Amino acid sequence: MLQKIDFDDNFDGPLERDRSHLLQPSYYLDIVKRRWLFFVVPFILIATAGTAAVLIWPPTYLSEGKILVQSQQIPTELVRPTVTSAAQERIQVIQQRTMTRDNLIAIADKFQLFPEKRTLMSVTELVELMKKSTKIAPVDPMLDFKQRTRAENPTIVFSVGFEYGDPAVAARVANELMTRILNEDLRDRTSRATDTSRFLSREVQRLQTENAALDAKIAQLRITQGKPAAASGQDQPTSTLAQLKAELIQKSALYSDKHPMIQSLKRQIQAMESVAQVPAQTSTGNDAAASASLDALVAQQEALQKNLEAATAKLMAARLGENLEKDQQSEKLEVIEQPTAPQEPIKPHRPKLLVFTLALALGAGAGLTFVLELTDKAIRRSTDLFTIVDNRLIVPVPYIATKAELRRQKLRRIATVVLAVVVLIALLGGAYFFMPPLDLMLAKARAGLFR
(Lines give C-alpha, C1' and ligand atoms only; values in the text may rest on other atoms or scores of the structure.)
Protein backbone atom coordinates (compact mmCIF):
# COMPACT_ATOMS: atom_id res chain seq x y z
CA MET A 1 0.00 0.00 0.00
CA LEU A 2 1.37 3.36 -1.02
CA GLN A 3 1.54 6.21 1.51
CA LYS A 4 2.03 9.84 0.72
CA ILE A 5 5.12 11.42 2.34
CA ASP A 6 5.46 15.22 2.25
CA PHE A 7 9.03 16.49 2.34
CA ASP A 8 9.74 19.90 3.76
CA ASP A 9 11.63 20.83 0.61
CA ASN A 10 12.03 19.55 -2.91
CA PHE A 11 14.83 18.18 -5.02
CA ASP A 12 15.47 21.40 -6.88
CA GLY A 13 18.49 23.57 -6.26
CA PRO A 14 21.93 22.71 -4.91
CA LEU A 15 22.50 19.44 -3.10
CA GLU A 16 24.51 20.79 -0.20
CA ARG A 17 22.94 20.66 3.25
CA ASP A 18 20.33 23.43 3.59
CA ARG A 19 19.34 25.16 6.87
CA SER A 20 16.65 27.45 5.51
CA HIS A 21 13.92 25.28 7.01
CA LEU A 22 14.86 26.61 10.47
CA LEU A 23 13.35 29.95 9.47
CA GLN A 24 10.03 28.49 8.40
CA PRO A 25 7.10 28.41 10.89
CA SER A 26 5.87 25.17 9.39
CA TYR A 27 9.03 23.44 10.65
CA TYR A 28 8.25 24.31 14.28
CA LEU A 29 4.56 23.56 13.81
CA ASP A 30 5.48 20.11 12.61
CA ILE A 31 7.68 19.60 15.68
CA VAL A 32 4.80 20.59 17.95
CA LYS A 33 2.52 18.08 16.22
CA ARG A 34 5.02 15.27 16.61
CA ARG A 35 6.43 16.11 20.08
CA TRP A 36 3.47 17.64 21.88
CA LEU A 37 3.39 14.86 24.46
CA PHE A 38 7.03 15.46 25.49
CA PHE A 39 6.20 19.14 25.93
CA VAL A 40 2.92 18.75 27.80
CA VAL A 41 4.06 16.14 30.36
CA PRO A 42 7.04 18.09 31.81
CA PHE A 43 5.03 21.30 31.69
CA ILE A 44 2.14 19.81 33.68
CA LEU A 45 4.42 18.09 36.20
CA ILE A 46 6.61 21.12 36.91
CA ALA A 47 3.73 23.59 36.83
CA THR A 48 1.67 21.47 39.23
CA ALA A 49 4.54 20.83 41.65
CA GLY A 50 5.70 24.45 41.56
CA THR A 51 2.20 25.86 42.06
CA ALA A 52 1.59 23.51 44.99
CA ALA A 53 4.91 24.50 46.57
CA VAL A 54 4.14 28.21 46.16
CA LEU A 55 0.66 27.83 47.63
CA ILE A 56 1.76 25.80 50.67
CA TRP A 57 4.87 27.93 51.33
CA PRO A 58 4.28 29.42 54.81
CA PRO A 59 4.07 33.22 54.81
CA THR A 60 6.53 35.46 56.65
CA TYR A 61 5.36 38.73 58.18
CA LEU A 62 7.52 41.73 59.07
CA SER A 63 6.46 43.99 61.92
CA GLU A 64 8.61 47.06 62.39
CA GLY A 65 8.57 50.37 64.21
CA LYS A 66 10.58 53.55 63.81
CA ILE A 67 12.77 55.34 66.34
CA LEU A 68 13.83 58.98 66.05
CA VAL A 69 17.02 60.32 67.60
CA GLN A 70 15.61 63.40 69.34
CA SER A 71 17.94 66.38 69.78
CA GLN A 72 18.67 67.90 73.19
CA GLN A 73 15.75 69.92 74.53
CA ILE A 74 17.88 72.53 76.33
CA PRO A 75 20.28 74.60 74.15
CA THR A 76 23.83 73.30 74.32
CA GLU A 77 25.08 76.86 74.85
CA LEU A 78 23.43 76.83 78.28
CA VAL A 79 24.05 73.23 79.38
CA ARG A 80 26.54 71.00 77.61
CA PRO A 81 25.77 67.27 77.61
CA THR A 82 28.20 64.85 79.21
CA VAL A 83 27.74 62.18 76.52
CA THR A 84 29.08 63.69 73.29
CA SER A 85 29.46 60.58 71.11
CA ALA A 86 27.65 60.57 67.77
CA ALA A 87 24.16 59.08 67.70
CA GLN A 88 25.12 56.66 64.94
CA GLU A 89 27.95 55.29 67.04
CA ARG A 90 25.68 54.86 70.05
CA ILE A 91 23.07 53.10 67.90
CA GLN A 92 25.67 50.64 66.69
CA VAL A 93 26.81 49.96 70.25
CA ILE A 94 23.23 49.51 71.46
CA GLN A 95 22.49 47.22 68.52
CA GLN A 96 25.44 45.00 69.39
CA ARG A 97 24.41 44.87 73.05
CA THR A 98 20.80 44.09 72.16
CA MET A 99 21.82 41.35 69.73
CA THR A 100 23.89 39.46 72.27
CA ARG A 101 23.44 35.74 72.68
CA ASP A 102 21.77 35.97 76.10
CA ASN A 103 19.28 38.64 75.01
CA LEU A 104 18.23 36.75 71.89
CA ILE A 105 17.78 33.50 73.78
CA ALA A 106 15.78 35.32 76.46
CA ILE A 107 13.47 36.83 73.82
CA ALA A 108 13.06 33.46 72.09
CA ASP A 109 12.16 31.80 75.41
CA LYS A 110 9.81 34.60 76.42
CA PHE A 111 7.69 34.40 73.26
CA GLN A 112 8.27 30.69 72.51
CA LEU A 113 9.64 31.41 69.04
CA PHE A 114 10.21 28.72 66.41
CA PRO A 115 8.72 25.84 68.44
CA GLU A 116 8.91 23.35 65.54
CA LYS A 117 12.51 24.16 64.63
CA ARG A 118 13.96 24.42 68.15
CA THR A 119 13.72 20.69 68.68
CA LEU A 120 15.96 20.14 65.65
CA MET A 121 18.51 22.94 66.07
CA SER A 122 21.21 23.86 68.53
CA VAL A 123 21.34 27.02 70.62
CA THR A 124 23.87 28.56 68.22
CA GLU A 125 21.59 27.90 65.26
CA LEU A 126 18.69 29.44 67.17
CA VAL A 127 20.75 32.60 67.84
CA GLU A 128 21.69 32.85 64.15
CA LEU A 129 18.05 32.44 63.17
CA MET A 130 17.07 35.21 65.60
CA LYS A 131 19.74 37.52 64.17
CA LYS A 132 18.55 36.76 60.65
CA SER A 133 14.95 37.54 61.59
CA THR A 134 15.79 40.81 63.38
CA LYS A 135 16.01 43.89 61.16
CA ILE A 136 17.65 47.12 62.40
CA ALA A 137 18.49 49.63 59.69
CA PRO A 138 18.28 53.36 58.87
CA VAL A 139 14.99 54.34 57.27
CA ASP A 140 16.50 56.72 54.73
CA PRO A 141 18.92 54.85 52.44
CA MET A 142 20.96 58.05 52.12
CA LEU A 143 21.81 57.91 55.82
CA ASP A 144 24.93 56.12 56.86
CA PHE A 145 25.99 54.95 60.32
CA LYS A 146 29.58 55.90 59.42
CA GLN A 147 28.75 59.59 59.72
CA ARG A 148 29.93 60.98 63.03
CA THR A 149 28.45 64.43 63.59
CA ARG A 150 24.96 65.84 63.87
CA ALA A 151 25.76 68.38 61.13
CA GLU A 152 26.46 65.57 58.68
CA ASN A 153 23.22 63.82 59.54
CA PRO A 154 20.71 66.24 61.13
CA THR A 155 17.78 63.82 61.31
CA ILE A 156 18.28 60.18 62.17
CA VAL A 157 15.44 57.67 61.97
CA PHE A 158 16.01 53.94 62.07
CA SER A 159 13.62 51.03 62.00
CA VAL A 160 13.48 48.00 64.28
CA GLY A 161 11.60 44.98 62.97
CA PHE A 162 11.19 41.23 63.32
CA GLU A 163 10.19 38.60 60.76
CA TYR A 164 7.98 35.71 61.82
CA GLY A 165 5.21 33.49 60.53
CA ASP A 166 2.63 34.83 63.00
CA PRO A 167 1.95 38.57 62.54
CA ALA A 168 0.84 39.07 66.16
CA VAL A 169 3.98 37.41 67.54
CA ALA A 170 6.14 39.43 65.15
CA ALA A 171 4.59 42.65 66.50
CA ARG A 172 5.18 41.62 70.12
CA VAL A 173 8.82 40.70 69.49
CA ALA A 174 9.43 43.96 67.61
CA ASN A 175 7.99 45.90 70.58
CA GLU A 176 10.24 43.97 72.93
CA LEU A 177 13.29 44.80 70.84
CA MET A 178 12.39 48.50 70.76
CA THR A 179 11.86 48.53 74.54
CA ARG A 180 15.24 46.94 75.14
CA ILE A 181 16.93 49.42 72.81
CA LEU A 182 15.33 52.42 74.55
CA ASN A 183 16.22 51.10 78.00
CA GLU A 184 19.77 50.30 76.95
CA ASP A 185 20.25 53.79 75.52
CA LEU A 186 18.94 55.46 78.70
CA ARG A 187 21.07 53.23 80.93
CA ASP A 188 24.17 53.80 78.81
CA ARG A 189 23.86 57.61 78.77
CA THR A 190 23.05 57.84 82.50
CA SER A 191 25.90 55.50 83.37
CA ARG A 192 28.39 57.53 81.35
CA ALA A 193 27.27 60.79 82.95
CA THR A 194 27.43 59.29 86.47
CA ASP A 195 30.88 57.83 85.89
CA THR A 196 32.12 61.19 84.65
CA SER A 197 30.78 62.98 87.74
CA ARG A 198 32.35 60.41 90.06
CA PHE A 199 35.73 60.70 88.37
CA LEU A 200 35.76 64.50 88.56
CA SER A 201 34.56 64.39 92.18
CA ARG A 202 37.49 62.16 93.13
CA GLU A 203 39.85 64.46 91.27
CA VAL A 204 38.54 67.52 93.12
CA GLN A 205 38.91 65.76 96.46
CA ARG A 206 42.49 64.81 95.62
CA LEU A 207 43.36 68.39 94.69
CA GLN A 208 41.68 69.70 97.82
CA THR A 209 43.74 67.32 99.96
CA GLU A 210 46.97 68.41 98.30
CA ASN A 211 45.96 72.05 98.67
CA ALA A 212 45.24 71.58 102.38
CA ALA A 213 48.66 70.00 102.88
CA LEU A 214 50.31 72.94 101.12
CA ASP A 215 48.31 75.39 103.25
CA ALA A 216 49.64 73.75 106.38
CA LYS A 217 53.22 73.84 105.12
CA ILE A 218 52.97 77.48 104.08
CA ALA A 219 51.43 78.50 107.42
CA GLN A 220 54.15 76.61 109.30
CA LEU A 221 56.90 78.34 107.31
CA ARG A 222 55.34 81.75 107.76
CA ILE A 223 55.07 81.25 111.53
CA THR A 224 58.59 79.85 111.71
CA GLN A 225 59.94 82.91 109.88
CA GLY A 226 57.97 85.20 112.17
CA LYS A 227 59.13 83.71 115.53
CA PRO A 228 62.58 85.36 115.63
CA ALA A 229 61.08 88.72 114.79
CA ALA A 230 58.60 88.27 117.61
CA ALA A 231 61.42 87.61 120.04
CA SER A 232 62.99 90.96 119.11
CA GLY A 233 59.82 92.87 119.74
CA GLN A 234 58.06 92.59 116.35
CA ASP A 235 54.66 90.87 116.14
CA GLN A 236 55.22 89.32 112.66
CA PRO A 237 52.91 86.28 113.06
CA THR A 238 50.12 88.52 114.30
CA SER A 239 50.62 90.79 111.29
CA THR A 240 50.55 87.82 108.87
CA LEU A 241 47.45 86.42 110.55
CA ALA A 242 45.75 89.79 110.27
CA GLN A 243 46.59 89.97 106.58
CA LEU A 244 45.08 86.52 106.00
CA LYS A 245 41.92 87.47 107.87
CA ALA A 246 41.63 90.68 105.89
CA GLU A 247 42.08 88.74 102.66
CA LEU A 248 39.45 86.24 103.82
CA ILE A 249 36.96 89.06 104.41
CA GLN A 250 37.71 90.50 100.97
CA LYS A 251 37.39 87.16 99.13
CA SER A 252 34.22 86.23 101.03
CA ALA A 253 32.48 89.17 99.37
CA LEU A 254 33.21 87.59 95.97
CA TYR A 255 33.10 83.81 96.55
CA SER A 256 30.97 81.39 98.53
CA ASP A 257 32.17 79.43 101.55
CA LYS A 258 32.66 76.31 99.42
CA HIS A 259 35.02 78.02 97.01
CA PRO A 260 38.51 76.45 97.08
CA MET A 261 40.21 79.82 97.72
CA ILE A 262 38.00 80.61 100.73
CA GLN A 263 38.58 77.14 102.17
CA SER A 264 42.34 77.50 101.64
CA LEU A 265 42.43 80.85 103.49
CA LYS A 266 40.44 79.38 106.36
CA ARG A 267 42.84 76.47 106.67
CA GLN A 268 45.84 78.82 106.68
CA ILE A 269 44.27 81.02 109.39
CA GLN A 270 43.41 77.96 111.47
CA ALA A 271 46.94 76.60 111.12
CA MET A 272 48.53 79.92 112.10
CA GLU A 273 46.25 80.32 115.11
CA SER A 274 47.11 76.84 116.35
CA VAL A 275 50.83 77.34 115.86
CA ALA A 276 50.69 80.80 117.48
CA GLN A 277 49.78 79.12 120.75
CA VAL A 278 53.18 77.39 120.82
CA PRO A 279 55.87 79.33 122.86
CA ALA A 280 58.31 81.26 120.74
CA GLN A 281 61.75 79.71 120.16
CA THR A 282 64.87 81.13 118.63
CA SER A 283 65.23 80.08 115.01
CA THR A 284 68.50 78.44 114.13
CA GLY A 285 67.75 77.73 110.52
CA ASN A 286 68.73 79.55 107.43
CA ASP A 287 66.25 82.40 106.82
CA ALA A 288 67.16 82.71 103.14
CA ALA A 289 66.54 79.02 102.52
CA ALA A 290 63.25 79.17 104.41
CA SER A 291 62.16 82.20 102.37
CA ALA A 292 63.01 80.45 99.08
CA SER A 293 61.13 77.34 100.20
CA LEU A 294 58.13 79.47 101.11
CA ASP A 295 58.13 81.14 97.68
CA ALA A 296 58.28 77.75 95.95
CA LEU A 297 55.39 76.44 98.01
CA VAL A 298 53.34 79.56 97.27
CA ALA A 299 53.98 79.18 93.52
CA GLN A 300 53.07 75.48 93.73
CA GLN A 301 49.90 76.36 95.60
CA GLU A 302 48.90 78.94 92.99
CA ALA A 303 49.27 76.34 90.20
CA LEU A 304 47.40 73.78 92.26
CA GLN A 305 44.71 76.37 92.98
CA LYS A 306 44.17 76.94 89.25
CA ASN A 307 43.88 73.18 88.64
CA LEU A 308 41.43 72.91 91.53
CA GLU A 309 39.27 75.72 90.16
CA ALA A 310 39.26 74.14 86.68
CA ALA A 311 38.39 70.71 88.11
CA THR A 312 35.62 72.22 90.23
CA ALA A 313 34.14 73.95 87.17
CA LYS A 314 34.24 70.68 85.25
CA LEU A 315 32.60 68.87 88.14
CA MET A 316 29.75 71.38 88.21
CA ALA A 317 29.28 71.00 84.45
CA ALA A 318 29.37 67.20 84.79
CA ARG A 319 26.71 67.28 87.50
CA LEU A 320 24.51 69.48 85.31
CA GLY A 321 25.00 67.00 82.49
CA GLU A 322 24.14 64.13 84.82
CA ASN A 323 20.91 65.85 85.87
CA LEU A 324 20.21 66.47 82.18
CA GLU A 325 20.51 62.76 81.44
CA LYS A 326 18.44 61.67 84.44
CA ASP A 327 15.65 64.09 83.50
CA GLN A 328 15.86 62.87 79.87
CA GLN A 329 16.35 66.38 78.55
CA SER A 330 19.44 65.52 76.50
CA GLU A 331 19.60 63.75 73.14
CA LYS A 332 17.40 60.67 73.40
CA LEU A 333 15.63 58.00 71.40
CA GLU A 334 11.92 58.54 70.77
CA VAL A 335 9.43 56.09 69.28
CA ILE A 336 7.61 57.71 66.38
CA GLU A 337 5.92 54.57 65.01
CA GLN A 338 4.95 51.61 67.14
CA PRO A 339 5.19 48.09 65.65
CA THR A 340 1.81 46.67 64.66
CA ALA A 341 0.63 43.33 63.37
CA PRO A 342 1.11 43.37 59.56
CA GLN A 343 -1.77 42.47 57.27
CA GLU A 344 0.21 41.19 54.27
CA PRO A 345 3.28 38.93 54.27
CA ILE A 346 6.56 40.15 52.84
CA LYS A 347 7.36 36.73 51.43
CA PRO A 348 6.76 34.62 49.52
CA HIS A 349 5.70 36.88 46.66
CA ARG A 350 3.28 34.36 45.19
CA PRO A 351 2.47 36.09 41.84
CA LYS A 352 6.16 36.36 40.96
CA LEU A 353 6.82 32.78 42.02
CA LEU A 354 3.86 31.52 39.98
CA VAL A 355 5.11 33.36 36.90
CA PHE A 356 8.59 31.93 37.49
CA THR A 357 7.11 28.43 37.88
CA LEU A 358 5.20 28.70 34.60
CA ALA A 359 8.31 30.00 32.83
CA LEU A 360 10.33 27.11 34.24
CA ALA A 361 7.69 24.61 33.12
CA LEU A 362 7.63 26.09 29.63
CA GLY A 363 11.41 26.02 29.47
CA ALA A 364 11.57 22.42 30.63
CA GLY A 365 8.99 21.26 28.10
CA ALA A 366 10.58 23.18 25.24
CA GLY A 367 14.07 22.02 26.26
CA LEU A 368 13.08 18.35 26.32
CA THR A 369 11.38 18.71 22.95
CA PHE A 370 14.44 20.41 21.50
CA VAL A 371 16.80 17.73 22.83
CA LEU A 372 14.64 14.93 21.42
CA GLU A 373 14.46 16.67 18.06
CA LEU A 374 18.24 17.05 17.92
CA THR A 375 18.82 13.39 18.74
CA ASP A 376 16.18 12.15 16.27
CA LYS A 377 17.79 10.61 13.15
CA ALA A 378 14.57 10.21 11.12
CA ILE A 379 14.60 11.41 7.49
CA ARG A 380 12.18 14.24 6.96
CA ARG A 381 13.80 16.39 4.27
CA SER A 382 15.43 15.73 0.94
CA THR A 383 18.73 17.02 2.27
CA ASP A 384 18.60 14.32 4.98
CA LEU A 385 18.07 11.72 2.30
CA PHE A 386 21.04 12.96 0.31
CA THR A 387 23.32 12.34 3.27
CA ILE A 388 22.79 8.57 3.12
CA VAL A 389 21.90 7.95 -0.58
CA ASP A 390 23.60 9.14 -3.73
CA ASN A 391 21.47 11.81 -5.33
CA ARG A 392 21.85 10.12 -8.71
CA LEU A 393 19.82 7.15 -7.45
CA ILE A 394 16.90 9.33 -6.40
CA VAL A 395 14.16 10.20 -8.88
CA PRO A 396 11.15 12.30 -7.83
CA VAL A 397 7.80 10.65 -8.62
CA PRO A 398 4.74 12.91 -8.54
CA TYR A 399 1.89 11.84 -6.33
CA ILE A 400 -1.05 10.30 -8.19
CA ALA A 401 -4.39 10.75 -6.44
CA THR A 402 -6.92 7.91 -6.61
CA LYS A 403 -10.58 8.30 -7.50
CA ALA A 404 -11.60 7.82 -3.92
CA GLU A 405 -9.30 10.65 -2.78
CA LEU A 406 -10.65 12.94 -5.49
CA ARG A 407 -14.21 12.04 -4.43
CA ARG A 408 -13.48 12.84 -0.79
CA GLN A 409 -11.91 16.19 -1.73
CA LYS A 410 -15.02 17.08 -3.75
CA LEU A 411 -17.34 16.16 -0.88
CA ARG A 412 -15.32 18.27 1.53
CA ARG A 413 -15.58 21.29 -0.74
CA ILE A 414 -19.36 20.86 -1.09
CA ALA A 415 -19.77 20.45 2.67
CA THR A 416 -17.76 23.62 3.29
CA VAL A 417 -19.91 25.65 0.92
CA VAL A 418 -23.15 24.30 2.42
CA LEU A 419 -21.95 25.07 5.95
CA ALA A 420 -21.04 28.62 4.98
CA VAL A 421 -24.48 29.17 3.41
CA VAL A 422 -26.26 27.82 6.49
CA VAL A 423 -24.24 30.05 8.84
CA LEU A 424 -24.94 33.10 6.65
CA ILE A 425 -28.69 32.39 6.59
CA ALA A 426 -28.72 31.90 10.38
CA LEU A 427 -26.95 35.23 10.92
CA LEU A 428 -29.33 37.08 8.63
CA GLY A 429 -32.37 35.46 10.29
CA GLY A 430 -31.11 36.36 13.73
CA ALA A 431 -30.49 39.93 12.66
CA TYR A 432 -33.96 40.20 11.21
CA PHE A 433 -35.83 38.80 14.22
CA PHE A 434 -33.75 40.06 17.15
CA MET A 435 -32.29 43.38 15.97
CA PRO A 436 -34.31 46.61 15.45
CA PRO A 437 -34.91 47.94 11.94
CA LEU A 438 -31.90 49.35 10.17
CA ASP A 439 -33.42 52.79 9.65
CA LEU A 440 -34.19 53.03 13.38
CA MET A 441 -30.61 52.09 14.24
CA LEU A 442 -29.33 54.72 11.82
CA ALA A 443 -31.65 57.35 13.30
CA LYS A 444 -30.49 56.58 16.84
CA ALA A 445 -26.91 56.66 15.79
CA ARG A 446 -27.38 59.99 14.00
CA ALA A 447 -29.18 61.48 16.98
CA GLY A 448 -26.46 60.41 19.32
CA LEU A 449 -23.77 61.65 17.00
CA PHE A 450 -25.18 65.18 16.50
CA ARG A 451 -26.56 65.74 20.05
Side-chain angles (χ1 to χ4, degrees), residues 79-84 191-324:
V79 180
R80 291 189 175 275
T82 303
V83 181
T84 58
S191 175
R192 289 190 185 186
T194 303
D195 292 342
T196 303
S197 298
R198 289 176 180 174
F199 170 77
L200 291 175
S201 179
R202 290 193 298 267
E203 186 68 14
V204 169
Q205 291 178 359
R206 182 185 65 82
L207 293 174
Q208 287 177 348
T209 302
E210 294 180 1
N211 193 26
L214 283 176
D215 287 341
K217 290 181 181 180
I218 292 173
Q220 183 68 32
L221 284 175
R222 285 178 176 174
I223 293 173
T224 302
Q225 291 178 2
K227 289 294 183 179
S232 61
Q234 297 179 1
D235 194 8
Q236 182 66 24
T238 304
S239 176
T240 303
L241 183 60
Q243 291 178 0
L244 292 176
K245 289 183 177 181
E247 186 178 357
L248 176 60
I249 296 174
Q250 182 182 3
K251 299 295 184 182
S252 299
L254 300 176
Y255 304 105
S256 64
D257 292 339
K258 295 183 179 180
H259 195 274
M261 185 176 294
I262 300 298
Q263 294 180 359
S264 176
L265 289 173
K266 287 182 178 181
R267 285 192 295 269
Q268 291 184 30
I269 293 173
Q270 184 179 2
M272 292 190 70
E273 288 178 346
S274 61
V275 176
Q277 303 298 328
V278 180
Q281 298 179 359
T282 303
S283 177
T284 59
N286 191 342
D287 294 341
S291 178
S293 178
L294 179 60
D295 293 339
L297 289 177
V298 171
Q300 183 179 356
Q301 187 189 35
E302 291 178 355
L304 184 62
Q305 191 74 27
K306 292 181 179 178
N307 293 336
L308 180 58
E309 293 177 359
T312 303
K314 291 180 181 179
L315 177 60
M316 297 300 295
R319 287 176 177 173
L320 284 177
E322 183 180 0
N323 294 333
L324 196 69

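Since this is a predicted model, take the numbers as computed values, not measurements. Heavy atoms only: backbone and side chains are in, while hydrogens, waters and symmetry mates are out. Along the sequence shown, residues are numbered consecutively beginning with 1.
- The line from CD of Glu302 to CG of Leu297 is 11.5 Å long, rounded to the nearest 0.5 Å.
- Among residues two or more places apart in sequence or in another chain, the side-chain hydrogen bond (donor to acceptor under 3.5 Å, both in side chains) test is passed with Arg206 by Glu203, Glu210.
- Interatomic distance, CG of Leu207 versus CD of Gln305, reported as 10.0 Å (0.5 Å rounding).
- By the side chain to side chain contact (heavy atoms under 4.5 Å, CB included) test, Asp195 pairs with Ser191, Arg198, sequence neighbours left out.
- Val204 pairs in a side chain to side chain contact (heavy atoms under 4.5 Å, CB included) with only one of the listed residues (Thr209, Leu308, Asn307), which is Leu308.
- With rounding to the nearest 0.5 Å, the separation of CE in Met316 from CG in Leu200 is 12.0 Å.
- For the atom pair OG1 (Thr194) and CZ (Arg319), the distance works out to 11.5 Å, reported to the nearest 0.5 Å.
- Judged by distance alone, the side chain of Ser201 and the main-chain N or O of Ser197 form no donor-acceptor pair under 3.5 Å.
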